[in-house]
Amino acid sequence: MAKIIAGIGTSHIPTVGAVIDNDKMHGEYWDPFIKGITPAREWMAKTKPDVCLIVFNDHASAFSLKNISTFGIGVADRYEPADEGYGPRQVPSCEGNAALSWHIAESLILDEFDMTITNEMPVDHGLTVPLSIMYDQPEEWPCQVIPLYVNVVQYPQPTGNRCYNLGKAIRKAVESYPEDITVAIFGTGGLSHQLQGERAGLINEEYDNDWLEKLVNDPMAVKDISHTEYLRETGSEGIESIMWLTMRGAMDEEVNEVHRFTHAPVSNTHYGLVIMENKKKDEK
């Protein structure tokens, strides 16, 4: 039986990808950041999930505003890095797991989540930066990848509660797959940031840290936060945090926090990283 072994939440800041790609993650600005993500890389090297299911949002690389899907899943054998306006990132292609992807897609649709099924999809920094954060610069990603995308760009976005319940349905789907496969589920994006308008550069560390604490230890307290509150407190792009709720919904209500790290500013955002594992039976 396949099993979700961990939930990972991480921002997907494009600057981080550029800095890693160009070997510039050093010096006074980046030293605290690399120190904060190193324990996560060490944990990943030790844990070695077979599949990383990454909940992310496309940034007009694979899709446009001509057609907007609330939820979608990639079912391809391979995903190439997207051209993001300055060319594709110089990172490996992602090997997919089409059989598991199709199984999850079928299970989600029969559980009444209307998934768009995508057979071909270039993946941008929303997906590749989280892989770089966890794996650095390997010649090949040491895991298979299943991309699951969420609309957080065009209003109306799904609610946090809907994303949380999607996570529960994903766990059900994974655990009904007969092969012995270990899966780490990522929630990406956030935390507070705004890229345009009068509030460009907004960072709300106090709100983010309280939200993260509740996400880990009391997810019921954050799953029903309104779009309006996210916009007010975390800026126009802070709504991306609802994708972390998909990851959290796939975990037990009570979890062990393996690692947490936040830092601001990273570029013009508040960077966040958290790793969670379900508690063992003797710990509950």
Side-chain angles (χ1 to χ4, degrees), residues 1-12 16-17 20 25 33-56 74 79 91-97 99-101 103-104 123 126-148 167-168 170-189 212 215-217 219 243-263 271-284:
M1 180 180 80
K3 182 180 181 181
I4 292 179
I5 59 170
I8 300 167
T10 176
S11 306
H12 58 220
V16 170
I20 293 174
M25 191 164 279
F33 181 83
I34 196 68
K35 182 179 179 181
I37 67 172
T38 295
R41 289 178 170 178
E42 293 171 347
W43 174 89
M44 203 68 164
K46 179 181 178 181
T47 306
K48 298 179 180 177
D50 298 315
V51 175
C52 288
L53 192 160
I54 302 180
V55 183
F56 78 111
Y79 305 93
V91 294
S93 302
C94 297
E95 178 188 352
N97 185 321
L100 179 56
S101 295
H103 174 83
I104 293 171
V123 289
L127 183 142
T128 61
V129 166
L131 287 172
S132 296
I133 287 168
M134 300 304 291
Y135 290 117
D136 198 13
Q137 292 179 294
E139 291 187 7
E140 296 289 339
W141 299 122
C143 64
Q144 296 176 320
V145 172
I146 295 177
L148 192 149
K168 289 185 174 295
I170 290 170
R171 179 171 180 175
K172 175 186 173 184
V174 169
E175 291 183 346
S176 66
Y177 192 68
E179 294 186 27
D180 290 328
I181 293 174
T182 57
V183 178
I185 181 169
F186 285 57
T188 72
L212 267 177
L215 178 78
V216 174
N217 296 307
M243 294 187 289
W244 294 43
L245 285 162
T246 304
M247 171 272 291
R248 188 63 181 88
M251 305 294 292
D252 289 349
E253 189 167 337
E254 293 185 12
V255 295
N256 287 327
E257 184 179 60
V258 175
H259 180 62
R260 190 193 308 186
F261 167 64
T262 62
H263 186 65
Y271 176 80
L273 171 65
V274 66
I275 299 173
M276 293 174 273
E277 295 175 340
N278 291 327
K279 290 186 176 182
K280 298 177 181 178
K281 289 183 179 180
D282 58 1
E283 294 178 309
K284 294 182 179 181

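Just so you know, residue 1 is the first one in the sequence shown, and it goes up from there.
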Verdict with reasoning, S176 to V174, per side chain to side chain contact (heavy atoms under 4.5 Å, CB included): CA-CA 5 Å; S176 66; V174 169; over 6 Å; no
So that I know where these two stand, are H103 and Y177 an aromatic pair - ring centroids less than 6.0 Å apart? yes
Kindly compute the distance separating OH (Y271) from OG1 (T262), expressed to the nearest 0.5 Å. 10.0 Å
Can you name the closest pair of heavy atoms from R171 and I4 and give their distance? CA-CD1, 3.8 Å
Please examine the side chains of V183 and I5, heavy atoms only from C-beta on, and report whether any two atoms are closer than 4.5 Å. no
Is the side chain of Y79 donor-acceptor paired with the backbone N or O of G74 at a distance under 3.5 Å, no angle test? yes
Mind checking whether L53 and I170 have side chains closer than 4.5 Å, heavy atoms only? yes
Taking all non-hydrogen atoms of both residues, which atom of I133 and which atom of I37 are closest, and how far apart? O-CD1, 4.1 Å
Side chains of L212 and E257, heavy atoms from C-beta outward: is any pair under 4.5 Å? no
Search all heavy atoms of M247 against all heavy atoms of G187 and return the closest pair with its distance. CB-N, 3.6 Å
P49 and T182 have their tightest heavy-atom pair at CA-OG1, 3.5 Å
Please examine the side chains of L131 and H12, heavy atoms only from C-beta on, and report whether any two atoms are closer than 4.5 Å. no
Aromatic rings Y135 and W141: how do their planes relate, parallel, tilted or perpendicular, breaks at 30° and 60°? tilted
Distance (rounded to the nearest 0.5 Å) between L127 CG and I54 CD1: 4.0 Å
Answer yes or no: is there a side-chain heavy-atom contact under 4.5 Å between F33 and F261? yes
Would you confirm whether N97, through its side chain, and Q144, through its main-chain N or O, come within 3.5 Å as a donor-acceptor pair? no
Going through the checks in order, is the side chain to side chain contact (heavy atoms under 4.5 Å, CB included) test met by R41 and D136? CA-CA 8 Å; R41 289 178 170 178; D136 198 13; 3.4 Å; yes
Exam field: side chain Q137 to backbone I20, donor-acceptor pair closer than 3.5 Å: yes
Is a side-chain donor or acceptor of T47 paired with a backbone partner of M44 at a separation under 3.5 angstrom? no
Separation between CG (D180) and NZ (K3), nearest 0.5 Å, reads 10.5 Å
Report yes if the side chains of T188 and V55 come closer than 4.5 Å at any heavy-atom pair, otherwise no. no
Could you give the distance from NE2 (H259) to CD1 (I8), rounded to the nearest 0.5 Å? 11.0 Å
Is it the case that the side chain of R248 and the backbone of M243 share a donor-acceptor pair, with hydrogens and angles ignored and the cut-off at 3.5 Å? no
What are the two closest non-hydrogen atoms of V255 and K279, and how far apart are they? O-CE, 3.5 Å
Counting C-beta onward and ignoring hydrogens, is there a side-chain heavy-atom pair between L148 and I185 closer than 4.5 Å? no
Can you check whether G17's main-chain N or O pairs, donor with acceptor, with S132's side chain at less than 3.5 Å? no
Is there a donor-acceptor pair under 3.5 Å between the side chain of N278 and the backbone N or O of M251? no
Taking all non-hydrogen atoms of both residues, which atom of W43 and which atom of A6 are closest, and how far apart? CH2-CB, 3.4 Å
So, do V16 and M25 sit near enough that their side-chain heavy atoms are less than 4.5 Å apart? yes
How long is the gap from CG on D252 to CE on M276, to the nearest 0.5 Å? 11.5 Å
